[in-house]
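What follows is a single structure, written as structure tokens, with notes after it.
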Amino acid sequence: MSEAASSSFTRLDPRIQRWIWRQQWDQLRDVQEQAIPVVLAGERDVLIGAATASGKTEAAFFPALTGLLQARDSGHAPAPLLLYVAPLKALINDQVGRLELLTEGTELALTPWHGDVSTSRKTRFGKKPGGVLLITPESLEAMFVRRGTEIARLFGGLRQIIIDEWHAFIGTERGIQLQSQMNRLEVVLQRRIPRVGLSATLGDMSLAANELRPGEGDTVIPIVSTHGEQALHVQLRGYERLPPKTAPKEAETLSRQGKDVPIEDVTHGDELDIRDHLFKHLRGKSNLIFANRKRDVELYAELLRRKSQDQRLPEEFFVHHGSLSRDLRHHVEQSLKAGKPLSVVCTSTLEMGVDIGSVASIAQIGPPHQVASLRQRLGRSGRRGDPAVLRLYVTESSLSPHTPFLDRLRPGVFQAAAMVELLVEGWCEPPPSGYLHLSTLIQQVMSLIAQYGGASANDLWRALIKSGPFRQVSQAQFTALLRAMGAAELLVQSNDGLLLHGWVGERLVNHYDFYAAFSAPEEYTLYHGAKVIGKLPIDSPIETGGLLVFAGRRWLIQDIDADRKAISLMPSAGGILPLFGGNAGLIRREIRERMRRLYIEGEVPRFLNRGAARLFAQGGTFFREAQLETTSIVQEADQTLLLPWQSDQVLNTLALLLRRLGLAAEREGVAVTVQKSDIDMVRQGLEHAVAHPPTSAVELAAVAENKINEKYDQYLPEELLCSEFASRFLDLEGALETAGALLACR
DNA sequence: GACCTGCTGCGGCGTG
């Protein structure tokens, strides 16, 4: 360590300094230099923004552990405690391993606490709290519920909270749950506990800071890595849909006759072309191939694997997604980490989390859904000074006189191109904010009552809303929520006004399902003999004797056991790709605006290959033919389309405004379509909407169907469900403005 | 037109 290194270094505990020496680091990273003094001071909240593997975890732990060791050595009572919260169990396990080395010889207790940790280890912490506690939000929730009266004792010595991968929490159910838990700790301890958020440099730091300390984001100290941006090599490849060799109906007839139909024969020609390109360019190196859907992950893994087999090459294409068993995923992660040349077809499971080292390139099949996730994926490539390499593969439908209007615009190519441009310019989606999170509020009300053995409405209001993170919820909404919880027998009121669990609430809180704030579908476990392969959602249409492609292998479904929720598989020659359900995300205004600009300027971005450039030209020509530069309302046969190039929230709202007037309006891709209508009808509808707008987005939400999305939404009365829906999916102001603009142009 | 994440307490049984 050089002299200049550093006043920061000299302030660390000597035991930590020795560890740094042993690593033979010649200097601290810049985020570490910046973070050490402020985290060590232990007074303010800190948000550290830096890419994966930039040393931000150490930036938090070096000073936090220094403070912890000093407090312990000075005999501080109660025993000082550092809390680390992470979104993944795997991250906690990794972290414990690293901390064990870092704290060697200090006799500092490290306690991982999640579902896979033994009860004995948890009991040990209960008997002697202190040291470092590493936990998930769900396990922390369980502590509040099961050990409510012990919270003050267990966390009495708490000095700081470090939150890993903070960006992954923001805007989600788990994010607001964690905010609420941190606040509840402060309520019990009656003091402010400094928070240290670790985050990828995504979006706007000030928004992320305001989520770290809700309402007081400006008091959070931001620390951003000054590390230079890496070079980026990107290519967008375009394909046109080509039919499979054997049509689906024909294939079904053949297989019913007992004939074996190879998967290549029922796969679209463009998908085989993409496979060939991947095979040719990725073999021999390590790569990540992201596909948007698990079905496609299985498809491409299978196609690539079979091609390797045909050419008698060693197996080097693998699968990784969230439905695979932990063992299978772990094996792939370890092989990647060991530096073996292998390509993994995967979903967002390999976007963050455990360290897998660096790969040669990233492939993305299908247009990405978010610039933020595209950037996160790119961060996995080209770490050691090499440029990051990104290949995007986008298929558009084939052109014929019957090709639908929206497909002729080639929206996939334009969306992908817009996202790459925004990525290069350094833009990405800010974290979502403004949601009510009423489902998670129901969970937190139930949990607080469990913690204290009952609570008054006023106690709940103060702990969750007035001083807590649910500040978007009004008093009237909160009262309505409690009343609805009473009606659903989640709550009952005792004679002295104390709120307790009703019989439904009791049953809910006493099941381990309660601790997670997010909902997950019920799944069947897949077995090959005694070995667990993975899990399938039970809504998949499967039956005994059926075929399945899963985990990059082909299987025959031998047995389905509904009681054990188990499916037995045996290897087979054929296989069918399973479909997994899911909800799509929301596209932001900035992306749609950039798409429009690309259409208007018509200049082919340099990163497009020939195929993509051709599709780009087709889309641009069609855009001009349809005069979309000057008008955004067009008619095709008996449907009318609105193309305002706005956010999905604006499109949702426009569709509802028209539906309210009895028009068959729907959001469809980049447009709002209105069936059985003409331009005049739609213009009249928009005029009426502008002249007589609904009083609020909440009122408009009543028109929407299927508003239940989150875990406890089913307990919300219609009015609150509408409020929640409006806060997430609608933008009335934006929609009325857009309607005005649509009417202004002819 | 999608992906991902998480989980207690207790009874029963084997082992030292």
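As the structure is a computational prediction, the values presented were derived from the model and not from experiment. Each chain gets a letter, A, B and so on, in the order its sequence line appears, and its residues count up from 1.
If you take NE2 of A/H114 and C1' of B/dG6, they are 11 Å apart, rounded to a whole angstrom. We find that CH2 of A/W113 is positioned 8 Å from P of B/dG9, with the value rounded to whole Å. Rounded to whole Å, the distance from CG on A/L91 to C1' on B/dG6 is 14 Å. Put simply, CG on A/L178 is 13 Å from C1' on B/dG6, counting in whole angstrom units. Atom-to-atom, CG of A/L586 to C1' of B/dA2 comes out at 12 Å; the value is rounded to the nearest Å. A/Q177 places its CD atom 9 Å from the C1' atom of B/dG6, with the value rounded to the nearest Å.
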Could you list, one pair per line, each protein nitrogen or oxygen that sits under 3.5 Å from a nitrogen or oxygen of nucleotides 10-12 of chain B, together with the distance?
none

Expected list for residues 167-179 of chain A: side-chain donor-acceptor pairs under 3.5 angstrom, two or more places apart:
residue, atom, partner, partner atom, Å
A/H167, ND1, A/A200, N, 3.0
A/H167, NE2, A/E165, OE1, 3.3
A/T172, OG1, A/F169, O, 2.6
A/T172, OG1, A/R174, N, 3.3
A/T172, OG1, A/G175, N, 3.0
A/R174, NE, A/E138, OE2, 3.0
A/R174, NH1, A/P87, O, 3.1
A/R174, NH2, A/P87, O, 3.1
A/R174, NH2, A/E138, OE1, 2.9
A/R174, NH2, A/E138, OE2, 3.4
A/Q177, NE2, A/E141, OE1, 2.9
A/Q177, NE2, A/Y515, O, 2.9
A/Q179, NE2, A/E211, O, 2.7
A/Q179, NE2, A/E211, OE1, 3.1

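With no hydrogens or angles considered, a side-chain donor-acceptor pair links A/S323 and A/K294 at under 3.5 Å. With no hydrogens or angles considered, a side-chain donor-acceptor pair links A/Q444 and A/S180 at under 3.5 Å. In summary, the side chains of A/Q364 and A/R391 do not present any donor paired with an acceptor at a separation below 3.5 Å, with no hydrogens or angles considered.
At the heavy-atom level, A/R174 lies under 4.0 Å from base atoms of the strands shown. As judged by a 4.0 angstrom heavy-atom cut-off over every strand, A/D513 is placed among the base-contacting residues. As judged by a 4.0 angstrom heavy-atom cut-off over every strand, A/R377 is placed among residues making no nucleic acid contact. Within the 4.0 angstrom heavy-atom criterion, no nucleotide atom of any strand lies near A/D116.
Residues from residues 404-421 of chain A with heavy atoms under 4.0 angstrom of DNA chain B: there are none.
A/K122 has no side-chain polar atom (N or O) that falls below the 4.0 Å cut-off from OP1 or OP2 of B/dG9. For the OP1/OP2 pair of B/dG6 and a distance below 4.0 Å, the side-chain nitrogens and oxygens of A/K711 include no atom meeting the criterion.
Between A/Y300 and A/F317, the distance separating the two ring centers is not shorter than 6.0 angstrom.
Here A/R588 pairs with A/E590 under the salt bridge (Lys or Arg N to Asp or Glu O under 4.0 Å) rule; sequence neighbours left out. Applying the ring-ring contact (aromatic ring centres under 6.0 Å, His included) rule to A/Y599 yields the partners A/F414, A/F623, A/W645; only residues at least two apart in sequence or on another chain are considered.
Residue A/I587 is the one, among A/I587 and A/A516, whose nearest nucleotide of DNA chain B lies closer to the 5' end (criterion: closest heavy atom).
Counting only residues at least two apart or in different chains, salt bridge (charged side-chain N to carboxylate O under 4.0 Å, His left out) contacts with residues 322-334 of chain A are absent.
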